[in-house]
There are 2 protein chains.
Amino acid sequence: MSEKVTIYDIAREAEVSVSTVSRILTGNAPVNPETKQKVEAVLKKYDFRPNRAARNLSNQRSTMIGVILPDITNPFFSTLFAEMQHYAIAKDYSLLLFNAMNSLELESEGLAYLSRHQVDGLIFLGGRVNEITPPAAYQQEIAEVSAKVPTIIVNGTMPDVDAVTVCTDEQSGIAQVVDYLTALGHTRIGLLGGSDHITVTRNRQHAFREEMARLDLGVNESWLITDGFSIESGEKVLEALLQLPEQPTAVIAINDLVALGILKSARRHHIDIPNQLSVVGFDDVYLAAVSTPELTSVSHNYESFGHTIVETIVNRIKGKDVPTSIMIDMQLVIRDSCQSPTVR
Amino acid sequence: MSEKVTIYDIAREAEVSVSTVSRILTGNAPVNPETKQKVEAVLKKYDFRPNRAARNLSNQRSTMIGVILPDITNPFFSTLFAEMQHYAIAKDYSLLLFNAMNSLELESEGLAYLSRHQVDGLIFLGGRVNEITPPAAYQQEIAEVSAKVPTIIVNGTMPDVDAVTVCTDEQSGIAQVVDYLTALGHTRIGLLGGSDHITVTRNRQHAFREEMARLDLGVNESWLITDGFSIESGEKVLEALLQLPEQPTAVIAINDLVALGILKSARRHHIDIPNQLSVVGFDDVYLAAVSTPELTSVSHNYESFGHTIVETIVNRIKGKDVPTSIMIDMQLVIRDSCQSPTVR
DNA sequence: TAAGCCTTCGAAACCGCTTTCAGATTGTCA
DNA sequence: TGACAATCTGAAAGCGGTTTCGAAGGCTTA
């Protein structure tokens, strides 16, 4: 605390004016190489770091990007967040996280929190933006904030909101799974988990119906059962499936947690996976690789996913042109939870 | 962007001086109720929020607390972080997270990152501070930063560093487990997972030996196998155990992930849990409740754990007296992964 | 050698808020 | 009614940077 070095001190010691020091610091004005060297020596001597608050005040920006997500405990979000943060820091931005604890209401507090911080950009990962018909008040809030600060919405949309959307290519992801399963010989396929009011769920269901139709396979609507996104949901959804008179030979889970729930429930019912039932997950969370059996899943490339998000928001912040909608591709990762259907 | 309301605008419209407005905003000086009401009306009219950068600059603080942790993907850390953040916001502080991606080296970058942000406080969760003998350079770095900003270290220590430590009560946690297992009839108990150079591991091993000794039970040192903290480690460690001529009837895992790995590996070897082997985990992460069988584990009360951490750092920031070391208690949560040893 | 241009530098204003310090107002008590 | 204290208010000086604007100096060119 003894030292409180400012650019004035630097300037005095280097025998130049503060503006020269500032020019060197920001690098946006030419300065004589000799003076520059001289000043830089002093800078180094004191290990000088410009005061962030002062700089922010002067620049009218914070170089912080706000992130609102529903649950940092969910490996999908935490993995993605980690990648985003890594890349953001490399680009000299900071990520300020707000974890909404699975409460859509709490997101309002998050919005207030982040705008109090005057973030330069805002990223929505799931939550409200994933609701198919969000309450008007929520939409209004997001519309207001996105009018002021560059906003991007991941895997969701908000009508009448000025935001770039970054979406994973459900279409292709589902198609890959269906093609894989049918290649194994499956024709009776279910899609389990998710919620009817969530965009991602609807998109995947839609893609599923389309791909099945394309292959001239029927879809049994009673095999599309929604119940949420958790491991518990997965358990319940398999229970429900087992009540039906007929069962599929393969099921696609809306995400890996649901798939893990299905695995757990199947174990309890002595259903051998993949022998009696093939299961594929979605998101390829790190848990997929450690379950028994290891889960075949549709993977995001988290690294490039995260980078794309950050790249996009940074470009928007800098006023560069950015496409209003970006697609992230997904890839099937084959492990041990599927095999050809056994003839019974 | 049209509106750029400052306290000058507010002052003008309310026909008072800026200092009066400021006094109302900060609340640290008396102001006439009538004027106050008048000003507050204007404040509300414009939905005025004081500029954070300006306020920080003037106050010489950021009201941000930095958090360095090794892996936000690990449910222990993400759960704890979520609680911390929730409480911090309630106390008008913000948490700035740095995820070190399991790299001790990267933590240096994190330190630089957070001090660039001029955080008012710093929290270390795991990582370097958990190393029994950290490289001198690391220690030096932390010593320097902790000399400048209030620091707290969770579940670890750093010699010669001015920081408050908040630790979970391993002693009691282990004792509860051992007592529970012995009450079930176990006498042959192992402790699996963790790393020899990590404080928490050593503490738990120490506590384990003590409690066993207290109960006049011997500990078989070959049943203390370390291999890391991941699910994979759990698998490996059980494999190793199975190579031994004699096996325990119960094992304590260093954390839940290792326990899950043990479960997975046991399944492969057709070892029935808990029938042939009792397993207990540590940390009581949400995955513990959804494994098969559901895992008996030693639980932190994450809520009060997180609150205590934040409370402590805030008190230190405010200059209040704070004990230099705080203990958090743990509690055994009994589920389905243990039973009395079967006579063979 | 003088005129003109380009490069580099410094003084000063500004970003928006907090706080000190002194002055104005009101109230209290003798 | 006057003196004094207690409250409340306003002007102005920071906080630590960035940036504009004008001036000084060096160089080229006629």
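Every chain is numbered from 1, with letters handed out A, B, ... down the list of sequences.
Side-chain N/O atoms of B/S22 include one lying less than 4.0 angstrom from OP1 or OP2 on C/dT18. When the side-chain nitrogen and oxygen atoms of B/Q60 are compared with OP1 and OP2 of C/dT18, none of them lie within a distance under 4.0 Å. Side-chain N/O atoms of A/N51 include none lying less than 4.0 angstrom from OP1 or OP2 on D/dC15.
Rounded to whole angstrom, the span from the CD1 atom of B/I7 across to the C1' atom of D/dG10 amounts to 12 Å. If you measure from atom CZ of A/R12 to atom P of D/dG16, you get 12 Å, rounded to the nearest angstrom. Rounding to whole angstrom units, OH of residue A/Y46 and P of D/dG17 are separated by 14 Å. One can place CZ of A/R49 at 16 Å from C1' of D/dG17, the figure rounded to the nearest angstrom. B/R55 has its CZ atom 13 Å from the C1' atom of C/dT19, to the nearest Å. Atom CG of B/L25 is separated from atom P of C/dG16 by 15 Å (rounded to the nearest Å). If you take CZ of B/R52 and C1' of C/dT18, they are 15 Å apart, rounded to a whole angstrom. Rounded to an integer number of Å, the gap from A/N59 CG to C/dC15 P is 13 Å.
For B/Y138 and B/E131, the side-chain atoms include no donor-acceptor pair closer than 3.5 Å. For the 3.5 Å distance criterion, the side chains of B/T63 and B/R52 qualify, holding a donor opposite an acceptor. Side-chain contact check for B/R128 and B/S108: at least one donor-acceptor pair (N or O, by modelled atom type) lies under 3.5 Å.
With a 6.0 Å radius and a threshold of 12 heavy atoms from other residues, nucleotides or ligands, B/E15 has its CD atom at or below the threshold. Applying the 6.0 Å contact sphere to CD of A/Q60 captures more than 12 heavy atoms from other residues, nucleotides or ligands.
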Could you go through nucleotides 6-11 of chain C and list every protein N or O atom that sits under 3.5 Å from one of its N or O atoms, giving the distance for each pair?
from   : atom 1 : to    : atom 2 : distance (Å)
C/dC9  : OP1    : A/T35 : OG1    : 2.5
C/dC9  : OP2    : A/N32 : N      : 3.3
C/dG10 : OP2    : A/S17 : N      : 2.7
C/dG10 : OP2    : A/S17 : OG     : 3.2
C/dG10 : OP2    : A/T20 : OG1    : 2.9
C/dG10 : N7     : A/S19 : OG     : 3.0
C/dG10 : N7     : A/R23 : NH2    : 2.8
C/dG10 : O6     : A/R23 : NH1    : 3.3
C/dG10 : O6     : A/R23 : NH2    : 3.2
C/dA11 : N6     : A/S19 : OG     : 3.3

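Taking 4.5 Å as the limit, every side-chain heavy atom of B/V314 sits out of range of all side-chain heavy atoms of B/E311.
Relative to the side chain of B/T26, the nucleotides D/dG17, C/dT18, C/dC15 differ in distance, and C/dT18 lies closest.
Heavy atoms of B/T6 sit under 4.0 angstrom from primed sugar atoms or phosphate atoms, though from no base atom. Counting any heavy atom pair closer than 4.0 Å across all strands shown, A/N28 reaches sugar-phosphate atoms only and no base atom.
Note that CG of B/L96 and CE of A/M64 are 7.0 Å apart. Values are rounded to the nearest 0.5 Å.
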